[in-house]
Amino acid sequence: MSKKVRVRFAPSPTGGLHLGGVRTVLYNYLFAKKNEGEFIVRIEDTDQSRYVSGAEAYIFDTLKWCGLTPDESVQQGGNFGPYRQSERKEMYRQYAEKLVAAGKAYYAFDTPEELEQMRHSDSTTSHQYDHSTRMKMRNSLSLTDAETKQLLASGSGYVIRIKMPKGETIAFTDMIRGEVKFDTSLVDDKVLLKADGMPTYHLAVVVDDYLMKISHAFRGEEWLSSAPVHILLWEYLFGLKNMPQWAHFPLILGPNGKLSKRDGAKYGFPVFSMNWTDPKTHETTAGFKEKGFLPEALINYLALLGWNDGTEQEIFSIDELIEKFSIERVHSAGAKFDFEKAKWFNHEWIKRSSAQKLLPQVKAMLIAEKISHGTDAQLEKIIDLVKDRCTLLTDFVQQTTFFFKSPDTWDTEAVKAKWNDEKKNFFESFAEKIKNSPADAATLENIFKETAAEKNIKPGELQLPFRIMLVGGKFGPPVFHIAEQLGIEETILRINTAIKLF
RNA sequence: GGCCCGUUCGUCUAAGGGCUAGGACACCACCCUUUCACGGUGGUGAUACGGGUUCGAAUCCCGUACGGGCUACCA
């Protein structure tokens, strides 16, 4: 019997949630759903100096847009709260003190200046706070008990550091990478409890994963190096048998290495799923949503960036992902984000989406552009006509505007070379003939062809000019379908307007 | 610098000792279409390098190179 699957995503609210974070959420979510477990979001806000207002709300907005709803979080609530570490502050100290009492951790009184000096000193080889340097520092190991007591009583600031053992090998099995080993001599004495009484990530993650009964701890590869600290803490505090299983996901890389929040603008593609405005600088970093992406497409691409189901299937709905996902098939190497492929996924999802589903979003864009959008029924037909031509949702603006608004510029260059009086005459007759005809595409096409035959002109040669008249440019769905949507009156109007310009 | 992780077409990846190393994006050509697309067909293009182990290595082992991560009282 295995314990209930419970996974957590634990972001710190220090800014926008970038692609790597979204994918980490996704894999957590997929694993939880696949195993009928619970997905928890825990806010790791133990660093008060890095707090960014609005970041937490933004993270939840992102999850909502992506459709990755937590089962427990500060928003949903749950039986293991509070889900914000700043509100759990009082819970951590006892564990740190317990470690001190057991000789696994110690008080350290060094000032930032003293730490700085040690790191740049030539007299040490490690330049880090570890077994080789700690006896030269001011802590409860190097000081006498009396001195330590005195310092603690005097109220001078102190932190609690883990006492990393010397010369031991810590090994654990990563679900993606297999066995990973570390020599404890090379790991430094990480701070567990800060001078302000807040835990560091290292203590908090272990304590909370235990208290929240986390069964599988998944996080980015950037955490692999600190795993030995966490393993040791588990061993000292709660026992290795109770430790969750670990998996460290490969990183998502930008064009020049590590994907960075700050470089969002430079890449030419978003790094956030939704627009993020920094509350201090008021700078806005573009998001996939506003860029015209469907959440299904982003999720689909992110899922495939580092995972595949072993077949050649590429398009997956979230339900299919849940069904097929497995940690074992997550690739171990980092993956470069390819914006072109992301767009391809979006195009595929637009093509597969019904007009009805696309309608609200297309309508919202047209409203934002102050373009009338006709009735819903009409817009739906138009969306069906043009969606194959739209890679991004924003493409719908150009592809649908001419249905509602007469062009104000015409690609006359495209027709001028082959334009002549016979063709002009054709369009005059055509406009006259359709006056009382039904407006369906087939009828219009028949009249068009009959008239062309009468005038002895190949109908093909007349289609491009007709298109330019109705659309203004060389794009859009079949021209008679456009005319059908426009209606007889508007079609005649556009013919008469444009005919003077050629 | 030290430690850890990684390395198959330009990019994402499949192939976990045995067939011409497969697919997708992108790119090119052709077909369809007298618009732009969609669609279809075909093409260019990869096992980082060097040693082993083996009848046989992209696959296992070692080394080198390269890439990435970590090395804070940040997560």
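In what follows, every chain begins at residue 1, and chains take the letters A, B, ... in the order their sequences are listed. The analysis underlying the following values was restricted to heavy atoms, covering all of them including side chains, and did not include hydrogens, waters or symmetry mates.
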Let's see if you can work this out: which of [options] has an atom nearest to the side-chain heavy atoms of [X]?
{"X": "A:Glu44", "options": "B:rC12, B:rC73, B:rA75", "answer": "B:rA75"}
{"X": "A:Arg177", "options": "B:rC5, B:rA75, B:rU11", "answer": "B:rC5"}
{"X": "A:Leu115", "options": "B:rC73, B:rU71, B:rC70", "answer": "B:rC73"}
{"X": "A:Gln128", "options": "B:rU35, B:rU71, B:rC25", "answer": "B:rU71"}
{"X": "A:Lys341", "options": "B:rC38, B:rC25, B:rA75", "answer": "B:rC25"}
{"X": "A:Glu340", "options": "B:rC25, B:rG69, B:rC5", "answer": "B:rC25"}

What nucleic acid atoms does [X] come within less than 4.0 Å of, heavy atoms only: base, sugar-phosphate, or nothing?
{"X": "A:Val180", "answer": "sugar-phosphate"}
{"X": "A:Asp174", "answer": "nothing"}
{"X": "A:Ala333", "answer": "sugar-phosphate"}

* To do: Measure distances between side-chain N and O atoms of A:Arg389 and base N and O atoms of B:rC36, and say whether any donor-acceptor pair falls under 3.5 Å.
  => yes
Rounded distance in Å - [atom1] ([X]) to [atom2] ([N]):
{"X": "A:Arg219", "N": "B:rG69", "atom1": "CZ", "atom2": "C1'", "answer": "13 Å"}
{"X": "A:Trp223", "N": "B:rA72", "atom1": "CH2", "atom2": "P", "answer": "13 Å"}
{"X": "A:Ile170", "N": "B:rC4", "atom1": "CD1", "atom2": "C1'", "answer": "14 Å"}
{"X": "A:Glu221", "N": "B:rC4", "atom1": "CD", "atom2": "P", "answer": "13 Å"}

Electrostatic pair [X]:[Y] at N-O distance under 4.0 angstrom:
{"X": "A:Glu461", "Y": "A:Lys418", "value": "no"}
{"X": "A:Arg84", "Y": "A:Glu56", "value": "yes"}
{"X": "A:Arg42", "Y": "A:Asp209", "value": "yes"}

For [N], does either OP1 or OP2 sit under 4.0 Å from a side-chain N or O belonging to [X]?
{"X": "A:Lys351", "N": "B:rG39", "value": "yes"}
{"X": "A:Arg352", "N": "B:rC38", "value": "no"}
{"X": "A:Asn308", "N": "B:rU13", "value": "no"}
{"X": "A:Arg119", "N": "B:rA72", "value": "yes"}
{"X": "A:Arg161", "N": "B:rC73", "value": "yes"}
{"X": "A:His331", "N": "B:rA14", "value": "yes"}
{"X": "A:Thr200", "N": "B:rA72", "value": "no"}
{"X": "A:Lys194", "N": "B:rC74", "value": "yes"}

Heavy atoms of A:Tyr58 and A:Leu17 approach each other most closely as CE2-N, 3.3 Å
Nucleotide opposite [N] in a Watson-Crick or G-U pair, distances under 3.5 Å:
{"N": "B:rC73", "result": "none"}
{"N": "B:rC9", "result": "none"}
{"N": "B:rA58", "result": "none"}
{"N": "B:rU53", "result": "none"}
{"N": "B:rU64", "result": "B:rA48"}
{"N": "B:rG42", "result": "B:rC28"}
{"N": "B:rC19", "result": "none"}
{"N": "B:rA37", "result": "none"}

Per the glycosidic torsion and the 90° limit around 0, nucleotide B:rC38 is syn
Sorted by position of nearest nucleotide on RNA chain B, 5' first, the leading residue of A:Phe337 and A:Leu224 is A:Leu224
When A:Thr14 and A:Asp388 are each assigned the nearest nucleotide of RNA chain B, the 5'-most assignment goes to A:Asp388
**Asked** Do you see a donor-acceptor pair shorter than 3.5 Å between the side chains of A:Tyr92 and A:Asp208?
**Response** yes
Side chains of A:Arg8 and A:Asn28: is there a donor and an acceptor less than 3.5 Å apart? no
A:Arg389 NZ/CZ over A:Phe475 ring centroid, <6.0 Å and within 45° of normal
no
Notebook entry, point to check: Which whole number of Å gives the distance between the P atom of B:rU53 and that of B:rA65?
Noted result: 24 Å
